[in-house]
Amino acid sequence: MKKLFFIITLTISFSVLTINAEDGSRLWLRQDNVELFKSLTLVVDSSMPDDDGYCITGKTIRARTQQGLLYGRYAWLRGEQGESHPFFRLRILNHWDNIDGSIERGYAGLSIFWLKELEKNVDFVIDKQRIQAYAEANASIGINGTVLNNVNASPKMLTRVYINKVKEIADILRPWGIKVYLSVNFGSPKALGDLPTADPLDARVKLWWKRKAQEIYRQIPDFGGFLVKANSEGQPGPFDYGRTHADGANMLADALKPFGGIVMWRSFVYGAKHKGEDRVMQAVSEFAELDGKFRDNVILQSKNGPLDFQPREPYAPIFDHMRQTPQMAELQITQEYLGQGQHLVFLAPMWKEFFSFVSPYFSMPNLQTKTLQRGKIVGIAGVSNIGNDKNWCGHHFAQANWYAFGRLAWNPSLSSKQIAEEWLSQTFTENSSQIKTKDTNQISHLSSFISKITGMMLRSREACVDYMMPLGLHHIFKFDHHMGPEPDGFIASYPLEWCPIYYHKADKNGIGFNRSTSGTGATRQYREPYASMYDQPSTCPEQYLLWFHHLPWNYRMLSGRTLWEELQYRYDRGVKEVESFKELWQHVKSQIDEQRWQEVDQKLEQQLKDATEWQQTCVGYFGGFAQ
């Protein structure tokens, strides 16, 4: 077959950037893209795989699709050459935005999509310019989908007034290759008063969802599908009617199937069917027996860890069990448990750690048919940290986590170091214009700045683990808002698994949660060699030690220190790392614009106070048992 080549011009208008105060609003897109892109030659090449990949040779970009050419343009700005293809077909942001404009676990202002009481303000005008900027930022890092609302979904999202607004947003995002999806409340037919039930096997309910799908696709022909949180944390679901997760997911999948839509069914479940069971075991308990029973357009969406986005968790064992069901890995970009909008914590190392365990299950999608491969991770979902703050993410360095998510969703083999250097170069320097200068002194300063701040970013996640919950400690945050330590936390009216004392189990004999075969048996859910490795304290990696084992305070660590001495050492080390971050930030002050330097410096000051609070609170509390 002959190769078909022809040169095209993309019909997207790119932002023309002007010189403004450096408030972070331009993210990593601070160059005049229009001026730079005028020098490129774009070629459609029908011989390339149909996956939106691209090939860059000098200033010529080849791709099979216009979307590939768009991605190639931004890759060229990063200095890429050669051929690149997306590893995951689905690269989706999950917004936890509520219809009143608030954002659950949002630390950067209000929603960029929704306004309070939209149903009473039907003339509400969407901020088109803001959403276009959002679309360009996502396209620049390869993100191709977005869920516009919270997984704790309001049934109102499926009413006409909201569907009309979803259409407006979809029309803005479409030229950038971004599909829209919606989180749906499983009980919507009943909650909206249309039916007396939401039973997934009831013919009336099936018809209701089919008609709702038809209504959505009439407005949005390329609508992506539904994200569902069911029978978890009080959300309605198929268990309410004695049905299974497969019954519920398949009913929705059948409604979407004629239009090419998918159902992303979350495995984050606890307290509905297996009450009293160790919370980290409940996903496997509820889903393993259903493997192979889901429709082929259902994807199981599972968090990277088995608990709830802690600073460090072992990988979720559900990735070992679903051999015939496609999965998506759900990562949390917004820092719910990592200092929220106050702490500098670069998350690429955390996500790379997860990928190191699930990588045996990776495979490239079928590039010709784009079919979902059973038993494989076919997509990555990231819980967004985006709001309407000027700098989008609340903390200037939190932008790096949005950027890192997109880059790893495209290519999970990228190193954290490469991603940090890319982001810093585009965000805090003039990038191409400075690199091209003949001023060797200027180049040296640029290289030194990137090297120093990259090192800080790469150490930041481990520092956070140290000053919050080292050695596998977990979920000892203050109730509800999850900001700050509360190791003594207990409220009798709360379920025990919501209380910090349930997770560390500190007493005079020791500390830690026994999940070995002599405890809850959670280690049995892992594949070998991890099941055996995690089951014995002598072979369990120390970073997970107290996650899987309750050990005496004088247990001897690899360092030669006792467990209690090691805990104190780690807490102290975490605080010292944040102190070093502040010192380093002082040293680079002359190389950064004043506004962003000041704003980051203030955040680092708060981070140091918080880290010190964690150290003093936890060492003081646990010391009451250890000494």
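Since this is a predicted model, take the numbers as computed values, not measurements.
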Checklist entry - What orientation do H475 and H482 show, parallel under 30°, tilted 30 to 60°, or perpendicular over 60°? => result perpendicular

Checklist entry - Between F622 and H504, how do the two ring planes meet: parallel, tilted or perpendicular, split at 30° and 60°? => result perpendicular

In plain terms, say whether [X] and [Y] are close enough for a salt bridge, that is, a side-chain N and a carboxylate O under 4.0 Å apart.
X: K293; Y: E289; value: no
X: R570; Y: E566; value: yes
X: D535; Y: R515; value: no
X: R89; Y: D51; value: no

Are [X] and [Y] an aromatic pair by the rule of ring centers under 6.0 Å?
X: F479; Y: Y494; answer: yes
X: F548; Y: F513; answer: no
X: Y403; Y: W28; answer: yes
X: F186; Y: H245; answer: no
X: Y569; Y: W564; answer: no
X: Y315; Y: Y530; answer: yes

Checklist entry - Do E286 and Q282 meet the criterion of a side-chain donor-acceptor pair at a distance under 3.5 Å? => result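 E286 vs Q282: no donor-acceptor pair found between side chains.
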
Tell me if a side-chain donor or acceptor on [X] pairs with a main-chain N or O of [Y] at a distance below 3.5 Å.
X: Y503; Y: E497; value: yes
X: R556; Y: G560; value: yes
X: H95; Y: D97; value: no

Next on the checklist: Go through it in stages, so that I can follow the logic: the residues are W351 and F346, the test is ring-ring contact (aromatic ring centres under 6.0 Å, His included), and I'd like the CA-CA distance, side-chain angles, deciding distance and then a yes or no.
Outcome noted: CA-CA 10 Å; W351 300 333; F346 183 48; 8.1 Å; no

Checklist outcome for this item: Which of K576, K582, E577 passes side chain to side chain donor-acceptor pair (under 3.5 Å) with S580? It is E577

